[in-house]
Amino acid sequence: MKTQIGYFASLEQYRPMDALEQTVRAENVGFDSIWADDHFHPWYHDNAQSAQAWAWMGAALQATKKVFISTCITCPIMRYNPAIVAQTFATLRQMYPGRVGVAVGAGEAMNEVPVTGEWPSVPERQNMTIEAVKVMRKLWESDEPVTFKGEYFTLDKAFMYTKPDDGVPLYFSGLGPRGAKLAGTYGDHLMTVAAAPSTLKDVTIPKFEEGAREAGKDPGKMERAMLIWYSVDPDYDKAVEGNRFWAGCLVPSMFKYKVYDPKEVQLHANLVHCDTIKENYMCATDAEGMIKEIERFKEAGINHFCLGNSSPDVNFGIDIFKEILPAVRD
Ligand SMILES: C[C@H](OP(=O)(O)OC[C@@H](O)[C@@H](O)[C@@H](O)CN1c2cc(O)ccc2Cc2c1[nH]c(=O)[nH]c2=O)C(=O)N[C@@H](CCC(=O)N[C@@H](CCC(=O)O)C(=O)O)C(=O)O
Ligand SMILES: CCCCCC(=O)CC
């Protein structure tokens, strides 16, 4: 499968209008896809933003010509009802055929706790996500009103009137071994997050493929997408520190425990060692360095990159891809 290079226009790191300008610029440079985080609270406190992703996506689709756009990712189980998630993305895909996707996952405390007060365990949230995906697919696929009584969600003669002619591609997030297997079983494609290449190669991708095969799918036809941050600057140390905004994502307890105050997340992020940032994210001084970084993760099995630009000079971090894109696409 051909390698695709996407641009992650962060609504936590940039003001929504700035993320929109980056998106238009990224399409002009030749990126294959655009991805936006779907958050209520952000992963950092200082200078952070947190715009609503679906509202932003409508504007981004209208402002661009042909690039594919998806959230990365939407949690369809708590602050959002899965039927409304299904309706939103069906509407967008009917308006912009072939250009809209949705990625789903089991959620983060910072987005769900502030507005629901609830925080179920990881296995329970994963089970809720499986059921949410079933609800979404039923609404997308059924020609009749749907009645469904699950453990978590209910549909009572629910019918989706506005549907796309083609389906909405669904990326399923998996970070741990169970999550990755579920992605293979229930998703059209895998969406994961930057991790050590050895973990991706030895655990995440094999588990995803196992889940897909057990569900009767050919994993060779499914994308292995990954969100990862990059920072490019002629001063290497400055490039590394550019990724600091996202260092909280390298702290595993952020996903298990009920940490939802961005100031507390930021305290953890600031304690992450710079070597951990270098290993898990991409840091480079020039195009050649970035190409090597992308190759490191291609070798681990990733074939769709969602690249979050954390470079000190954001436009430099986009324009440098004129040189990078031809070298990393096979
Ligand atoms: C925590 C791990 O669970 P997993 O299901 O694999 O992944 C969870 C993530 O998908 C979500 O948190 C997701 O919402 C995060 N996310 C995101 C994900 C992604 O791939 C790309 C981009 C984004 C951006 C984004 C996200 N979320 C949003 O709301 N908005 C966004 O924009 C995990 O490690 N799972 C392990 C199990 C770990 C565990 O807790 N185990 C238990 C014990 C379990 C047992 O014994 O049965 C424990 O330790 O207590 C796994 O194996 O799946
Ligand atoms: C391991 C990091 C998960 C992704 C975190 C996130 O929400 C980024 C937008």
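Order of appearance sets the numbers: ligands from 1, and atoms from 1 within every ligand.
Considering Gly308, Ala109, Pro252, Gly176 only, the shortest heavy-atom separation from atom 33 (C) of ligand 1 involves Gly176. Across Ala36, Ala194, Ser173, Gly105, heavy-atom proximity to atom 9 (C) of ligand 1 is greatest for Ser173. Atom 35 (N) of ligand 1 has its nearest heavy-atom neighbour, among Arg178, Met110, Gln126, in Gln126.
In summary, the atoms of ligand 1 found under 4.0 Å from a heavy atom of Gly174, numbered by their order in the structure, are 6 (O). Near Met191, the atoms of ligand 1 lying under 4.0 angstrom from a non-hydrogen atom of the residue are 20 (O), 21 (C). Within ligand 1, the atoms closer than 4.0 Å to a non-hydrogen atom of Asp37 are 32 (O), numbered from 1 in the order shown. Taking every non-hydrogen atom of Gly107 and a distance limit under 4.0 Å, the qualifying atoms of ligand 1 come out as 11 (C), 12 (O), 13 (C), 14 (O). Interface atoms of ligand 1 facing Val122, defined by a heavy-atom separation under 4.0 Å, are 3 (O), 35 (N), 40 (O). Listed by atom number, the atoms of ligand 1 under 4.0 Å from Pro177 heavy atoms are 51 (C), 52 (O).
Scanning all heavy atoms of the two residues, the minimum distance from Pro219 to Ala212 falls at CB-CB, 4.1 Å. Closest approach of Met78 and Glu118 over heavy atoms only: CE-O, 3.2 Å. The heavy-atom pair separating Cys75 from Tyr80 by the smallest distance is O-CD1, 3.5 Å.
Between Arg213 and Asp218 there is no salt bridge, since no side-chain N of the basic residue sits under 4.0 Å from a carboxylate O of the acidic one. Using a cutoff of 4.0 Å between basic side-chain nitrogens and carboxylate oxygens, Lys134 and Glu131 are not scored as salt-bridged. Of the charged side-chain nitrogens involved, none lies within less than 4.0 Å of a carboxylate oxygen, so that Asp46 and Arg244 do not count as a salt-bridged pair. Salt bridge status for Arg137 with Asp188: present, with a side-chain N to carboxylate O gap under 4.0 Å. Taking a cutoff of 4.0 Å between a charged side-chain nitrogen and a carboxylate oxygen, Glu241 and Lys238 do not qualify as a salt bridge. The existence of a salt bridge linking Arg125 and Glu112 is excluded, since no basic side-chain nitrogen approaches an acidic carboxylate oxygen closer than 4.0 Å. Looking at Arg25 and Glu21, no side-chain N of the basic residue comes within less than 4.0 Å of a carboxylate O on the acidic one, giving no salt bridge.
In this structure, atom 24 (C) of ligand 1 has a protein heavy-atom contact shorter than 4.0 Å. For atom 52 (O) of ligand 1, the protein comes within 4.0 Å by at least one heavy atom.
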Passes side chain to side chain donor-acceptor pair (under 3.5 Å), Glu12 versus Tyr44? Steps please. CA-CA 8 Å; Glu12 295 163 79; Tyr44 212 71; over 6 Å; no
Apply ring-ring contact (aromatic ring centres under 6.0 Å, His included) to the pair Phe153 and Phe148, showing each step before the final yes or no. CA-CA 8 Å; Phe153 306 109; Phe148 170 80; 8.4 Å; no
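Close N/O approach between Glu108 and ligand 1 is found [any backbone or side-chain N/O within under 3.5 Å]. The distance criterion of under 3.5 Å between nitrogen or oxygen atoms is met by Leu175 with respect to ligand 1. On a distance-only criterion, Cys75 and ligand 1 share no N/O pair closer than 3.5 Å. Not a single N or O atom of Arg79, backbone or side chain, sits closer than 3.5 Å to an N or O atom of ligand 1. Checked against a 3.5 angstrom limit, the closest N/O atoms of Ala180 and ligand 1 fall outside it.
Transitive grouping of hydrophobic side chains (ILVMFWY, heavy atoms separated by less than 4.5 Å) keeps Leu250 and Leu267 in distinct clusters. Linking ILVMFWY residues whenever their side-chain heavy atoms come closer than 4.5 Å, directly or via other members, leaves Val24 and Leu307 in distinct clusters.
Residue His39 touches ligand 1 through its side chain alone, judged by heavy-atom distances below 4.0 Å. With a 4.0 Å cut-off on non-hydrogen atoms, Asn111 touches ligand 1 through its side chain and not its backbone. Residue-level proximity to ligand 1 for Leu227 is carried by the side chain, the only part with a heavy atom below 4.0 angstrom.
Closest to atom 19 (C) of ligand 1 among all protein heavy atoms lies Val193 CG2, 3.1 Å. Atom 31 (C) of ligand 1 has Ile73 O, 3.1 Å as its closest protein atom, hydrogens excluded (heavy atom only). Nearest protein heavy-atom contact of atom 50 (O) of ligand 1 is Lys256 CE, 3.1 Å. In terms of protein heavy-atom proximity, atom 1 (C) of ligand 1 is closest to Phe255 CB, 3.7 Å. Scanning all protein heavy atoms for the shortest distance to atom 47 (O) of ligand 1 gives Pro123 CG, 4.0 Å.
In summary, the side chains of Gln13 and Ser310 do present a donor paired with an acceptor at a separation below 3.5 Å, with no hydrogens or angles considered.
When the options Asp233, Val232, Asn243, Asp237 are evaluated for a side chain to side chain contact (heavy atoms under 4.5 Å, CB included) with Cys283, the one that passes is Asn243.
Summarising the geometry, atom NE2 belonging to His39 is positioned 10.5 Å from atom OG1 belonging to Thr71; distances are rounded to the nearest 0.5 Å.
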Ligand 2 polar-atom proximity to protein (N/O, under 3.5 Å):
from     : atom 1 : to     : atom 2 : distance (Å)
ligand 2 : 7 (O)  : His39  : NE2    : 2.7
ligand 2 : 7 (O)  : Trp43  : NE1    : 2.8
ligand 2 : 7 (O)  : Glu108 : OE1    : 3.1
ligand 2 : 7 (O)  : Glu108 : OE2    : 2.8

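Residue Phe159 shares its hydrophobic cluster (ILVMFWY side chains chained together at separations under 4.5 Å) with Tyr161.
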